[in-house]
There are 2 protein chains.
Amino acid sequence: MATQFAYQLDRKPVAAAQVKFAEPRDNGVLGLAGSVQNFSQDREIYVEGAPVDTFYKVVSGVVRTCKFLSDGRRQIDAFYQAGDIFGIEGEALHSLSAEAVSDCTVISYRRRGADVAAAGGQIADQLFEHLMQRLARAQEHALLLGRRSAVEKVAAFLVDWADCSADHRSVSLAMTRQDIADYLGLTIETVSRTLSHLERDSLIEMPTARQIRLTDLEALRDFNV
Amino acid sequence: MATQFAYQLDRKPVAAAQVKFAEPRDNGVLGLAGSVQNFSQDREIYVEGAPVDTFYKVVSGVVRTCKFLSDGRRQIDAFYQAGDIFGIEGEALHSLSAEAVSDCTVISYRRRGADVAAAGGQIADQLFEHLMQRLARAQEHALLLGRRSAVEKVAAFLVDWADCSADHRSVSLAMTRQDIADYLGLTIETVSRTLSHLERDSLIEMPTARQIRLTDLEALRDFNV
DNA sequence: CGTCAAATTGAAAGTCGTCAATTATCGTGG
DNA sequence: CCACGATAATTGACGACTTTCAATTTGACG
């Protein structure tokens, strides 16, 4: 079956590309035919197994993609922020679910009856780049899930998010502890305990639960040998 | 940068496509310009960070791709068997290392100075399909690593491999317990203990350590709710 | 100020890892 | 063909890290 995306160029990004977990920058692979959609917190954007007819770009807010086991266990694959593109999974069916972490606005672009090649070389290349990056991230994530301890996971998470803040030293989290836990393969309690532990050791400061300052960024980075 | 693969079609697969962890079938995305290479057990095929100038197809034997932490911890991303294609990671640099699990023969294909689009629509589509499948597998693997227990992991591993045997009920493992452990995010001891446990419960039989019969396939499948 | 969800903290349990010893397996050479 | 040595695999005992269960505190919002 032919892979079908109708990509069109959009040279005026709708939001500053402050990107982290998904796209390293605004890549301009956007259709002009996009339509704006709003999702309130925890609302489902699409569900695993649904047919793939659109892909999305985040305008504001945060989106998570995840998988579930039938008993409710959840693994979050990635978080997406303003400028990030998501929803390109599988040829025909979504391999993940996508949900709004916070109230958010996205633009959805319809896949049309033209295959990748027909879409043109430049666009195909951008799509490749996107997939390659997703793949590399997934591999890095697997290493974290399979081989890192709780402290290492949490430290990596904080450093990752700090990298896309202004000073690289503070993080304001849109997600709950449960989201973090399900991203890191831990429980809420372990995440909470680990953060408290890091605060006691003066590696971070938590003015509020969602605002974290990385006071010792080097030490945090050192957890990721 | 343009994504560059010079794909050429090869309609006569070099080996029966008994595929599992990587490719669902022989997809014919092969250059005629491939050259045969042999690697003895545990030999490195390429290393993470190396420039990507070739990709590979397994003729015989088994290959693993993996990542390492500086202290030696290893996470195996995937195993590849006869007919599987591997080595397509990243635009310029390998995001994984590849090593021979057993003595093996592969065909390597050189990437050339033509970008994806120039390679033609059909080939671009096949590459997309390949990447999408890799991505879906990586996500499934992350769910396993982050949210499944030791028994569930081992059961899933066995069922996966049995799916590509003749009767779907027996597995002959090319890899060591250490390989299995590093694939599942466990230790050798836990893998070994879990297998013994499954044997005591009559879910499997182990004539030898590397030959496993799944006597109760249904029960094993049920671990993956 | 009261209510509810989110987050923290404590205590206890359990799963899995670590360390160590034993057994099995395979290739090699006598 | 058997013995030997090296590597792989199994098993046990113990311990640590993480989870589970439960209670408390914090924070957001009407």
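Here is how names work: the chains are called A, B, and so on, in the same order as the sequence lines, proteins then strands, and each is numbered from 1. All values derive from a computational prediction rather than experimental measurement.
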**4.5 Å side-chain heavy-atom contact, B:Arg148 and A:Leu69** =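 Yes, their side chains come closer than 4.5 Å.
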Whole-Å distance between [N] [atom2] and [X] [atom1]?
X        : N      : atom1 : atom2 : answer
B:Arg147 : D:dT19 : CZ    : C1'   : 11 Å
B:Ile212 : D:dA9  : CD1   : C1'   : 12 Å
A:Asp103 : D:dC29 : CG    : P     : 11 Å
B:Asp42  : D:dT7  : CG    : C1'   : 12 Å
A:Gln178 : D:dT20 : CD    : C1'   : 13 Å
B:Ile180 : D:dT10 : CD1   : C1'   : 13 Å
B:Arg210 : D:dT10 : CZ    : C1'   : 14 Å
B:Arg177 : D:dT11 : CZ    : P     : 10 Å

**Parallel, tilted or perpendicular: ring planes of A:Phe79 versus A:Tyr183, cut at 30 and 60 degrees** =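 Rings of A:Phe79 and A:Tyr183: tilted, 30 to 60°.
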Which part of the nucleic acid, if any, lies within contact of [X], taking any heavy atom under 4.0 Å across all strands shown: a base, the sugar-phosphate backbone alone, or nothing?
X        : value
A:Thr190 : base
B:Ile188 : nothing
B:Ser149 : sugar-phosphate
A:Ser196 : sugar-phosphate
B:Leu186 : sugar-phosphate

Any side-chain donor near an acceptor of the partner, [X] and [Y], under 3.5 Å:
X       : Y        : value
B:Gln37 : B:Ser108 : yes
B:Ser95 : A:Gln139 : yes
A:Glu89 : A:Tyr46  : yes

**Request:** On DNA chain C, reading 5' to 3', which nucleotide is the first and which the last to sit with an atom under 4.0 Å from a heavy atom of chain A, could you check?
**Result:** C:dA6 to C:dA11
**Asked** Of B:Leu144, B:Leu173, B:Val191, B:Val171, which is the lone residue that meets side chain to side chain contact (heavy atoms under 4.5 Å, CB included) with B:Phe157?
**Response**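 The side chain to side chain contact (heavy atoms under 4.5 Å, CB included) with B:Phe157 is passed solely by B:Leu173 among B:Leu144, B:Leu173, B:Val191, B:Val171.
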**Message:** side-chain hydrogen bond (donor to acceptor under 3.5 Å, both in side chains), that's the test. Do A:Asp103 and A:Ser40 meet it? Break it down for me.
**Reply:** CA-CA 4 Å; A:Asp103 291 348; A:Ser40 53; 4.9 Å; no
**Item:** Side-chain donor/acceptor contact of A:Arg193 with base of D:dT20 under 3.5 Å
**Value:**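 Side chain to base: pair found, below 3.5 Å.
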**Message:** Nearest heavy atom decides the nucleotide; on that basis, is A:Arg148 or A:Glu189 closer to the 5' end of DNA chain D?
**Reply:** A:Arg148
